[in-house]
Structures are given as structure tokens and as C-alpha cells.
Amino acid sequence: METGTPVPQVHFMTRVRDESIDGPNPYRWEEKFTDDYFAGRRVLVFSLPGAFTPTCSTYQLPGFEEQYNHILEQGIDEIYCMSVNDSFVMNKWAKDQCIERVKVIPDGNGEFTDGMGMLVDMSIVGFGKRSRRYAFVAKDGVVEKLFVEPESTEDNPDPYGETSPETVIAYLESTGE
């Protein structure tokens, strides 16, 4: 994937709260499509190997939540966190992290991630197919800027910095939108 390329057109199976449903699990399935998230908007997406993992839970997701308003001031309409996890996992992780502004997108089958060229085999650590850590800014569904962490190595199994809120914010501030 490179700048100027449209994002993959896929569907996402999400669980959304529905107040008309009684009981302890008031959620229903809702199918979403790429355009539901990207069409007519400038968005920031950061994708990570998995919900509840250390770097993702300690730095990345909370960092983007903390910087949410500042990022929107830079001309971003919405911030999304994506992972190759199902909707149940993504919703529970956001709730456990007290995330109120960043929206989570479950790429349960890894279709979007694969279309971005970011699906990696993490079977060596028991994860199976997951997302490489990356982020991007897209305007009306076209990649404007892509941030990708270097590949994992034995000395650096979880590279983090290229997709940090600070790095992305520096780019957004330099564009002056």
C-alpha cells in the first residue's frame, strides 16, 4: 500500500449497543462497509497486532485517546483503532481501557488488513494471522500518508515509534490543514 491508493473495500461485522434489547447484553450485529468509515472524511486509522497486548494497551490506544481533541484540531474527522480481532474483543478492550472517543473497528477476518498489505503471520507467538503495526491518514478513502513500524526482530520484537501519536501528530501539524 502506498500514498494515493484507495483503501480496501470490505465489510466489517460489528456489535452495537441497542437500547431496545433487554438483558445483560443489549447489543446487535451491524454490518459496516469501508465507505461507512471513510467516505467524505479525513480520518486517522492506527492498526495493531492485538487488543489487550502490552504496547497497544499501555501506549498506543491510550495515547490516541488522550490526544483525540488535538488530533481533530489538525483537520481529522475521526480516529479509528483497528485490529484483527472480533467485535466482542474490540468492544471489551475499549471498555476496559475507558476509551470514549477513539472508535474501534474489528477486522475479524483480516480482510482489510490483508488488502492493506499488512497481514502478517505471528504464529510463532501463538497469534496466527494478525496486523503489522501501522497507521495512516486517509481522505475520502484514499491513503494520504502511511506510517509503518519496522519488522520485528529478535532484538526488537515489538517496534513502536513510527505509529505513535506523537509521530502522527507531527505529520498532521506539518500539513497545516
Side-chain angles (χ1 to χ4, degrees), residues 1-18 27-51 56-57 59-116 118 131-149 160 162-177:
M1 182 64 58
E2 55 189 56
T3 60
T5 306
V7 297
Q9 293 294 313
V10 302
H11 75 279
F12 303 92
M13 292 306 298
T14 66
R15 298 278 292 167
V16 295
R17 188 169 190 82
D18 185 339
Y27 292 85
R28 64 177 163 74
W29 287 106
E30 183 172 283
E31 188 173 25
K32 294 280 202 175
F33 297 90
T34 299
D35 284 350
D36 293 325
Y37 296 109
F38 295 93
R41 301 152 57 155
R42 185 175 186 229
V43 300
L44 165 60
V45 178
F46 62 99
S47 189
L48 35 85
C56 310
S57 296
Y59 304 108
Q60 202 167 24
L61 180 58
F64 279 105
E65 176 75 6
E66 182 179 306
Q67 294 296 323
Y68 184 88
N69 289 334
H70 182 67
I71 292 169
L72 265 55
E73 290 168 0
Q74 307 309 310
I76 295 295
D77 296 308
E78 193 56 79
I79 303 171
Y80 299 117
C81 173
M82 186 180 295
S83 184
V84 180
N85 288 119
D86 63 62
S87 190
F88 293 103
V89 170
M90 293 297 283
N91 288 344
K92 179 65 173 163
W93 183 43
K95 183 177 180 180
D96 282 2
Q97 291 283 306
C98 300
I99 301 302
E100 297 178 355
R101 297 172 291 194
V102 171
K103 311 297 184 293
V104 294
I105 301 177
D107 187 18
N109 294 328
E111 294 169 351
F112 188 90
T113 302
D114 190 31
M116 290 290 292
M118 297 293 169
S131 178
R132 185 169 180 179
R133 191 180 306 279
Y134 72 102
F136 65 95
V137 174
K139 190 169 188 175
D140 198 23
V142 175
V143 175
E144 171 186 322
K145 175 70 174 171
L146 182 64
F147 307 83
V148 182
E149 296 294 345
Y160 179 65
E162 294 299 314
T163 61
S164 70
E166 296 80 10
T167 301
V168 175
I169 288 169
Y171 163 74
L172 293 171
E173 290 175 343
S174 76
T175 65
E177 283 202 33

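Owing to the predicted nature of the structure, the values given are computational and were not obtained by experimental measurement.
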When rounded to the nearest 0.5 angstrom, what is the spacing between NZ in Lys92 and CG in Asp86? 13.5 Å
Value rounded to 0.5 Å, distance of CD in Glu149 from CG in Leu48: 10.5 Å
So, using salt bridge (Lys or Arg N to Asp or Glu O under 4.0 Å) as the criterion, who are the partners of Lys103 when residues are at least two apart? Glu78
Okay, side chain of Ser47, backbone of Tyr134: is any donor-acceptor separation there less than 3.5 Å? no
Just so I know, are the side chains of Met116 and Asp107 near enough to count as touching, which here means a heavy-atom distance under 4.5 Å? no
So do the side chains of Pro62 and Gln97 get within less than 4.5 Å of each other, counting heavy atoms only? yes
Would you say the side chain of Gln9 lies within less than 4.5 Å of the side chain of Asp35, judging by non-hydrogen atoms? yes
Test side chain to side chain donor-acceptor pair (under 3.5 Å) applied to Glu166 - qualifying residues, sequence neighbours left out: Ser164
Minimum heavy-atom separation for Glu65 to Cys98, with atom names? OE2-O, 4.2 Å
Heavy-atom distance under 4.5 Å between the side chains of His70 and Glu173, does that happen here? yes
Taking Asp96 for its side chain and Trp93 for its backbone only, find out whether a donor-acceptor pair lies under 3.5 Å. no
Among all residues two or more places apart in sequence or in another chain, which pass the salt bridge (Lys or Arg N to Asp or Glu O under 4.0 Å) test with Lys32? Glu30
Minimum-distance pair of heavy atoms, taken over all atoms of Glu162 and Thr167: O-CG2, 3.3 Å
How many angstroms lie between atom CG of Asn91 and atom CG of Asn85, to the nearest 0.5 angstrom? 11.0 Å
Under the salt bridge (Lys or Arg N to Asp or Glu O under 4.0 Å) rule, collect the residues that match up with Asp140, sequence neighbours excluded. none
Does Thr34 form a side chain to side chain contact (heavy atoms under 4.5 Å, CB included) with Phe12? I'd like the steps, not just the answer. CA-CA 8 Å; Thr34 299; Phe12 303 92; 4.2 Å; yes
side-chain contact (heavy atoms from CB on, under 4.5 Å) partner of Tyr80, chosen from Ile105, Val102, Val104: Ile105
Euclidean distance, Arg17 CZ relative to Tyr27 OH, rounded to 0.5 Å: 4.5 Å
Indicate the ring-plane relationship of Phe112 and Phe136, choosing parallel, tilted or perpendicular according to the 30° and 60° boundaries. parallel
Is there a side-chain contact between Ile99 and Phe64 (heavy atoms, below 4.5 Å)? no
Just by modelled atom types, is the Pro106 backbone N or O under 3.5 Å from a matching donor or acceptor in the Ser87 side chain? no
Just so I know, are the side chains of Arg101 and Asn69 near enough to count as touching, which here means a heavy-atom distance under 4.5 Å? yes
Aromatic rings Tyr171 and Phe147: how do their planes relate, parallel, tilted or perpendicular, breaks at 30° and 60°? perpendicular
Does some side-chain heavy atom of Val7 sit less than 4.5 Å from a side-chain heavy atom of Val143? yes
Give a yes or no answer on whether the side chain of Gln74 reaches the backbone of Ile169 with a donor-acceptor pair at less than 3.5 Å. no
Under the salt bridge (Lys or Arg N to Asp or Glu O under 4.0 Å) rule, collect the residues that match up with Asp77, sequence neighbours excluded. none
Do Glu111 and Pro8 have side chains that get closer than 4.5 Å, going by heavy atoms? no
Atom pair CD (Glu144) and OG1 (Thr5), whose distance is rounded to the nearest 0.5 Å: 13.0 Å
What closest approach, in Å, do Asp36 and Glu31 show between heavy atoms, and which atom pair accounts for it? OD2-O, 4.4 Å
Looking only at non-hydrogen atoms, find the nearest pair between Pro165 and Gly63 and report the distance. CG-C, 3.5 Å
With Glu66, which residues qualify under side chain to side chain donor-acceptor pair (under 3.5 Å), at least two apart? none
Value for CG (Leu172) from CD (Glu73), rounded to nearest 0.5 Å, stands at 11.5 Å
Please walk me through it: do Arg42 and Val137 pass side chain to side chain contact (heavy atoms under 4.5 Å, CB included)? CA-CA 7 Å; Arg42 185 175 186 229; Val137 174; 3.8 Å; yes
